[in-house]
There are 2 protein chains.
Amino acid sequence: MDLRRLELLRELAERGSITEVARATHRTPSAVSQQLRILEREAGLPLTEKAGRGIVLTDAGRALARSATDVAVAIEQATALWDEFRNDPTGEVSLATFPTGGQMLLPGVVNRLDAVGGLTLHCSDRDPESDDFPALTADFDIVLAHTASSAAMNWPTTDVTAVKLMTEPLDIALPPGHPLAAKELLDPEDLIGERWIGVPWGYPFERTIHDISAAAGSPMNVVQRFGDTRVTEAFVAAGLGIAILPCYTAGGAYRSEIVLKNLRGVVAERHIFALMRPDRAERLAVRTVVDALRAEADAVVAANLHRNPPRP
Amino acid sequence: MDLRRLELLRELAERGSITEVARATHRTPSAVSQQLRILEREAGLPLTEKAGRGIVLTDAGRALARSATDVAVAIEQATALWDEFRNDPTGEVSLATFPTGGQMLLPGVVNRLDAVGGLTLHCSDRDPESDDFPALTADFDIVLAHTASSAAMNWPTTDVTAVKLMTEPLDIALPPGHPLAAKELLDPEDLIGERWIGVPWGYPFERTIHDISAAAGSPMNVVQRFGDTRVTEAFVAAGLGIAILPCYTAGGAYRSEIVLKNLRGVVAERHIFALMRPDRAERLAVRTVVDALRAEADAVVAANLHRNPPRP
DNA sequence: CTATTCCTGTAGAGTCCCTACATGGATCTG
DNA sequence: CAGATCCATGTAGGGACTCTACAGGAATAG
């Protein structure tokens with residue numbers, strides 16, 4: 001049984017169509033189709049079935065594809081082993097991130113990696129609104145993602161390896177002259193009646209706003225919704241409303257025109273993870289980048305300790 | 001990086017010479033040499049070095065070869081998974097055994113497997129004196145071996161998977177007219193002064209004889225040494241001495257001319273294992289045979305319970 | 001020293017896989 | 001309903017890879 005064929009099956013499981021697999025693997029659809037047909041003949045049972053003008057995997061096909069991951073993990077472990085023998089984490093690592101995560105962590109990470117040398121990191125940012133972050137692991141070695149659910153990540157952990165990088169508190173952003181700016185800590189009840197600058201539907205912070213309104217016993221008045229925090233900050237600085245912002249990244253160009261206040265009585269934080277396909281997570285170069293990410297995240301948390309002491 | 005090349009490296013680690021690997025894999029030494037050279041170039045560091053007119057693996061080479069096992073295990077697990085989907089443990093399984101183990105277990109195992117069907121088991125016996133049983137796992141899917149050390153098997157467990165099949169008591173074999181035949185249980189002291197039919201140096205039972213002499217406080221008088229228990233039985237039946245024999249297998253053609261007596265005060269037993277290379281152990285057909293071996297071993301133990309109740 | 005054993009190099013044949021191109025079916029659109 | 005589009009799948013041929021056959025070099029045994 002051939003590994004390259006099994007690999008194709010796994011790609012098919014991740015991408016859903018032969019055409020997509022062919023595009024991702026730089027081949028013609030015909031080649032992919034032929035190889036899958038051979039694999040199916042070897043397996044002795046149907047792995048795919050027609051669905052409309054495409055195909056879908058059968059249960060057996062999905063199971064085989066999953067086992068392909070285990071094989072890939074073993075292979076990458078072997079490769080990492082000999083990279084370790086050469087003590088040479090050389091290679092290219094690709095990384096996708098949500099905007100504020102990249103802003104907060106990536107400059108420091110690239111600095112750390114430059115100090116090591118021999119390893120190039122290609123980063124790009126993705127729109128949290130339009131992209132499915134776990135699925136991006138098919139195209140990137142590392143995907144930085146955030147979630148509000150403090151419990152175990154809601155990522156599909158069987159297919160994706162998740163490494164926790166940090167927990168970032170969410171603060172309430174106010175214009176400097178705002179009456180609440182005089183308080184040390186804010187309670188949910190303080191926020192009733194305020195005009196909110198929120199986030200688009202489905203964004204992680206959405207849930208926190210909902211929690212606040214639940215704690216206050218009154219719905220919040222969300223007058224604007226922006227995905228980009230810079231727009232939110234501009235609105236807050238202009239005195240047009242208050243917002244929830246991740247405290248380590250908030251500020252930017254508006255640092256002097258925005259006041260950040262801790263909130264109590266509601267769990268307001270986001271959790272930042274590095275997501276990887278399990279086999280890619282074994283690569284020595286990838287592990288090196290993840291180590292740098294964790295170190296940088298720890299440094300960011302430490303640098304902000306004076307401003308945001310750990311909450312109860 | 002190519003799996004077939006990694007597989008060759010593992011074969012080299014197990015067999016020690018390119019010529020042997022070539023013979024085992026049905027290739028010419030030239031082909032093996034070429035592939036290993038390519039692997040070495042890919043790895044970027046020397047994997048072998050000359051030693052006399054042969055070669056030996058470097059440390060890096062050995063480490064890589066070991067990782068090849070993990071990859072092979074993952075692949076065989078995947079293969080087994082799809083065999084399970086077909087519910088079809090078809091295939092050929094080869095088995096090597098020590099003589100008395102084969103005599104005791106294999107007829108029943110073949111019967112059990114015939115009842116299932118679709119699976120052929122090739123058995124052959126090996127001389128415990130001249131063969132290194134763990135090393136036989138390179139050539140056979142399953143190797144039956146026995147050891148006297150009750151503790152964890154002394155097999156190299158990192159490279160070999162060991163499944164315990166049974167513990168077989170060792171009894172004292174006497175000719176029917178022997179004075180000790182009247183006793184229910186024998187003590188080590190009873191055996192002082194007897195003429196012993198022993199086993200060649202290095203056989204497992206050797207250790208038990210040593211333990212008896214230690215318990216009795218007097219050396220045993222070993223007058224003959226035979227590897228084949230039938231010869232030993234013939235000598236005991238002829239009244240030429242007493243011997244230690246595994247109780248489930250002892251007797252044979254001489255069952256009426258030999259008396260078996262339990263021994264107390266000394267741990268006298270041998271442990272029977274199935275040894276396999278870890279990847280081969282994952283094959284569905286192999287697992288099916290091992291299941292049959294365990295079932296047959298349990299049946300043998302149960303059938304002999306009336307004769308040999310469990311010892312304290 | 002000669003024979004033997006083992007590893008390695010070269011040239012050529014066979015096998016396998018991919019591309020280019022064409023076909024057939026399903027879906028969408030005007 | 002007809003044409004356009006998308007997807008999967010066949011066929012033929014070219015290219016890469018790996019094997020064998022054979023030869024040569026180095027170390028060892030008798």
Side-chain angles (χ1 to χ4, degrees), chain A residues 1-58 60-62 64-65 68 71-72 75 79 135 138, chain B residues 1-58 60-62 64-65 68 71-72 75 79 135 138:
Chain A
M1 100 168 195
D2 190 68
L3 271 195
R4 299 155 42 79
R5 285 193 258 268
L6 215 67
E7 196 61 28
L8 283 183
L9 186 67
R10 178 162 66 134
E11 290 285 348
L12 182 62
E14 285 180 357
R15 302 183 189 273
S17 89
I18 288 186
T19 306
E20 270 304 303
V21 174
R23 194 177 354 255
T25 59
H26 309 292
R27 273 180 277 216
T28 57
S30 179
V32 176
S33 178
Q34 289 174 51
Q35 295 305 312
L36 288 176
R37 168 158 295 279
I38 294 174
L39 186 66
E40 193 163 283
R41 183 162 49 77
E42 286 178 349
L45 44 82
L47 301 176
T48 62
E49 51 192 10
K50 294 185 191 295
R53 56 186 174 194
I55 57 172
V56 293
L57 287 174
T58 61
R62 259 186 302 278
L64 262 193
V71 178
I75 289 177
T79 308
Chain B
M1 101 164 192
D2 191 68
L3 269 196
R4 298 155 41 78
R5 286 194 257 268
L6 213 66
E7 195 61 28
L8 283 183
L9 187 67
R10 179 164 65 134
E11 290 285 347
L12 182 62
E14 285 180 356
R15 302 182 189 274
S17 90
I18 288 186
T19 306
E20 271 303 303
V21 173
R23 198 182 343 261
T25 59
H26 309 292
R27 274 180 277 215
T28 57
S30 178
V32 176
S33 177
Q34 289 175 53
Q35 296 306 311
L36 288 176
R37 168 159 293 281
I38 294 174
L39 186 66
E40 192 162 285
R41 183 161 50 77
E42 285 178 349
L45 43 83
L47 301 177
T48 62
E49 50 193 11
K50 294 185 192 293
R53 59 187 170 192
I55 56 172
V56 293
L57 287 174
T58 62
R62 256 187 303 278
L64 261 193
V71 177
I75 289 177
T79 308

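No hydrogens, no waters, no symmetry mates; every other heavy atom, side chains included, goes into these values.
The existence of a salt bridge linking B/R10 and B/E7 is confirmed by a sub-4.0 Å separation between a basic side-chain nitrogen and an acidic carboxylate oxygen.
In this structure, CD1 on A/I38 lies 9.0 Å from CG on A/D2, to the nearest 0.5 angstrom. Atom-to-atom distance recorded for B/T58:OG1 and B/L45:CG is 7.0 Å, nearest 0.5 angstrom.
Contact detail for A/R15 and A/A138: the closest heavy-atom pair is NH2-O, 3.1 Å. When every heavy atom of B/A51 is checked against every heavy atom of B/V56, the shortest pair comes out as CB-CG1, 3.8 Å. A pairwise comparison of heavy atoms in A/A13 and A/A65 identifies CB-CB, 3.7 Å as the closest pair. When all heavy atoms of A/G61 and A/L9 are compared, the closest pair comes out as O-CD2, 3.6 Å. In terms of heavy-atom proximity, A/L12 sits nearest to A/I18 at CD1-N, 3.8 Å.
Proximity of residues 5-29 of chain B to DNA chain C (heavy atom under 4.0 angstrom from any strand atom) is restricted to B/S17, B/I18, B/T19, B/P29. Less than 4.0 Å separates DNA chain C from at least one heavy atom of each of the following residues of residues 31-44 of chain B: B/S33, B/Q34, B/R37.
Among residues two or more places apart in sequence or in another chain, the salt bridge (charged side-chain N to carboxylate O under 4.0 Å, His left out) test is passed with B/R53 by none.
Put simply, chain A comes within 4.0 Å of DNA chain D, heavy atom to any atom, from D/dT5 to D/dT11, going 5' to 3'. Boundaries of the chain A contact region on DNA chain C are C/dC17 to C/dT27, first to last in 5' to 3' order (nucleotide atom under 4.0 Å from a heavy atom).
Between the side chain of A/R62 and the backbone N or O of A/L57 there is at least one donor-acceptor pair closer than 3.5 Å. Side chain of A/T79 to backbone of A/I75: a donor-acceptor contact under 3.5 angstrom is found.
Under the salt bridge (Lys or Arg N to Asp or Glu O under 4.0 Å) criterion, the residue pairs touching residues 35-50 of chain B are B/R5-B/E42, with sequence neighbours excluded.
Both B/S30 and B/G54 lie near DNA chain C, and the one whose nearest nucleotide falls closer to the 5' end is B/G54.
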